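I have placed the structure first, in the form of structure tokens, so that the comments after it can refer back to it.
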Amino acid sequence: MRVAADVAAAVSTGVPVVALESTLFAHGLPRPGNLEVARELEALLRESGVVPATVGIVGGNPVVGLSDDEIELLGSKEVAKASTRDIPLASALGVHAATTVAATSWLAYRAGVRIFATGGLGGVHRGASETFDESPDLPALARTPVTVVCAGVKSILDVGATLERFETLGVSIAGYRTDRFPGFLVADSGFPVTWVLDGPDEVVAAMRLRDELSIRAALVVASPVPSDQQLDPATHDRLLAEALDAAAMQGVSGQAITPFLLDHMQRGSAGASLEANIAAVRNNVLVAAAIARADAATQ
Ligand code: PSU
Ligand code: MN
């Protein structure tokens, strides 16, 4: 594994660092705008006084803190989508791969980066009682003590079942300044959350306690897309129903289902779902930056 020099220096001197994943821009966003977004997220962190650590696999090498050229490489051509189990295989074969929430949190954690921002987490897919399709993000977060700032789980999933699985797996879930579990492209998934954290200091307090007690699971900080930037909820529901129909008709399943549904919704909304997706990620990056600064300030 390679940790970029600025990331390693920041980790060892207590400068705030936030990890970002590469699947989000390599598989979740359309080219070529995806690269602009990947760069913008890094710039947002730098402007907030935080060192960005975008994670991916380059030529078989897991990297925490991709260079700009490496981001361009992963975002410009077809690369594999790597969850934790794929890391050793991609490495053995020397291939490039984008890392999901599961793989990114593990690599970030190993590099000493404890805060991670993304869009929506993976979870239990609709129809999982038949297909068993449940994202490896779920068990990965159960064994990786990082703090993940996200806009909930992807709304293409069975959100209720995913929340039940998080409970079973012992993953802490908190609404960030809301008692509604966010719905990824929309502010409210329709499900409540039990715990509300009202700012960075409360998040850091929860992280400290988790670490002090050696609880090995992640803390999910669920922060909604700002409501003026959300996808209109009725439009969201229509687009999603259409995308699910198309996936069923074309027999799309497994790892391909998430990128397929996101892409279908982006096309069907002339980019409105894409705008909401990017707005959610941007907002999560800013929340993660505030948490990382609060964490560094109280080290
Ligand atoms: N959130 C987004 N876009 C994405 C993803 C999440 O806004 O592309 C990716 C993440 O990398 C997540 C993955 O880990 O989708 C989950 O895929 P699967 O359901 O195949 O495990
Ligand atoms: Mn799956």
Side-chain angles (χ1 to χ4, degrees), residues 19-31 33-34 37-38 41 54-57 74-75 79-87 97-108 116-142 144 146 148-159 161-162 165-166 171 182-186 189 218 220 222-225 229-231 236 240 243-244 247 252-266 273-285 288:
L20 301 167
E21 58 154 311
S22 42
T23 297
L24 173 74
F25 67 83
H27 298 279
L29 302 176
R31 294 178 205 139
N34 62 339
V37 175
L41 300 178
T54 304
V55 176
I57 298 176
L74 295 184
V79 296
K81 172 175 160 184
S83 188
T84 324
R85 66 171 191 160
D86 304 304
I87 300 171
T99 50
T100 64
V101 168
T104 301
S105 9
W106 184 251
L107 294 171
F116 167 30
T118 184
L121 303 178
V124 180
H125 283 266
R126 290 160 197 250
S129 61
E130 295 282 314
T131 62
F132 279 57
D133 189 356
E134 187 180 298
S135 175
D137 289 356
L138 290 176
L141 291 173
T144 314
V146 292
V148 187
V149 183
C150 60
V153 302
K154 283 171 295 178
S155 50
I156 58 174
L157 301 168
D158 183 335
V159 178
T162 304
R165 291 290 290 136
F166 274 130
V171 175
F184 183 43
L185 305 173
V186 294
S189 68
V220 172
S223 168
V225 60
Q229 295 175 63
Q230 74 172 346
L231 187 60
H236 172 271
L240 178 56
L244 290 166
V252 183
S253 65
Q255 270 202 338
I257 190 99
T258 295
F260 177 90
L261 294 174
L262 292 177
D263 176 66
H264 202 280
M265 292 174 75
Q266 285 161 13
S273 81
L274 179 59
E275 279 311 310
N277 192 343
I278 296 170
V281 183
R282 253 188 220 123
N283 187 60
N284 294 338
V285 163

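Nothing here was measured: the structure is a model prediction, and the numbers come from that model. We count ligands from 1, going down the list as the structure has it; atoms in each ligand are counted the same way.
The distance from ligand 1 to the heavy atoms of Lys81 drops below 4.0 Å at these ligand atoms: 17 (O), 18 (P), 20 (O). Atoms of ligand 1 lying under 4.0 Å from any heavy atom of Thr100, numbered from 1 in the order shown and given with element: 11 (O), 14 (O). Ligand 1 places these atoms under 4.0 Å from at least one heavy atom of Gly28: 8 (O). Annotation for ligand 1: atoms under 4.0 Å from non-hydrogen atoms of His125 are 19 (O). For ligand 1, the atoms lying closer than 4.0 Å to a non-hydrogen atom of Pro136 are 21 (O). Counting the atoms of ligand 1 from 1 in the order shown, those under 4.0 Å from a heavy atom of Leu24 are 2 (C), 3 (N), 7 (O), 8 (O).
For atom 12 (C) of ligand 1, the choice among Asp137, Thr23, Leu157, Thr258 with the nearest heavy atom turns out to be Asp137. Here atom 6 (C) of ligand 1 lies nearest to Gly120 when heavy atoms of Gly120, Ala82, Gly119 are compared.
At the top of the distance list for atom 11 (O) of ligand 1, counting protein heavy atoms only, stands Glu21 OE1, 2.5 Å. Ser135 OG, 2.7 Å is the protein heavy atom nearest to atom 21 (O) of ligand 1.
To the nearest 0.5 angstrom, Leu121 atom CG is 8.5 Å from Lys154 atom NZ. In this structure, CG on Leu24 lies 10.0 Å from OG1 on Thr54, to the nearest 0.5 angstrom. Residue Thr162 holds its OG1 atom at 10.0 Å from CG of Asp137, rounded to the nearest 0.5 Å. For the atom pair Leu244 CG and His264 NE2, the distance stands at 9.5 Å (nearest 0.5 Å).
A donor-acceptor pair under 3.5 Å is formed between the side chain of Gln255 and the backbone N or O of Lys81. In this structure, Thr144 contributes its side chain and Ser105 its backbone to no donor-acceptor pair below 3.5 Å. Of the possible polar contacts, none joining the Asp158 side chain to the His125 backbone as a donor-acceptor pair under 3.5 Å is found. Of the possible donor and acceptor atoms, none in the side chain of Asp263 sits under 3.5 Å from a partner among the backbone N and O of Pro30.
At a heavy-atom cutoff of 4.0 Å, ligand 1 is contacted by the side chain of Asn277 but not by its backbone. In Ile257, neither the side chain nor the backbone holds a heavy atom less than 4.0 Å from any atom of ligand 1.
At under 3.5 Å, not a single nitrogen or oxygen of Gly254, backbone or side chain, sits near a nitrogen or oxygen of ligand 1.
Residue Asp133 counts as close to the Mn ion (ligand 2), with an N, O or S atom under 2.8 Å.
Side-chain N/O atoms of Ser155 and His236 include a donor and acceptor closer than 3.5 Å.
Heavy atoms of Thr104 come nearer than 4.0 angstrom to ligand 1 in no pair at all. Heavy-atom separations between Lys154 and ligand 1 include at least one value shorter than 4.0 Å.
Counted within 6.0 Å of CZ on Arg85, heavy atoms from surrounding residues, nucleotides or ligands total 12 or fewer; the atom is thus considered open.
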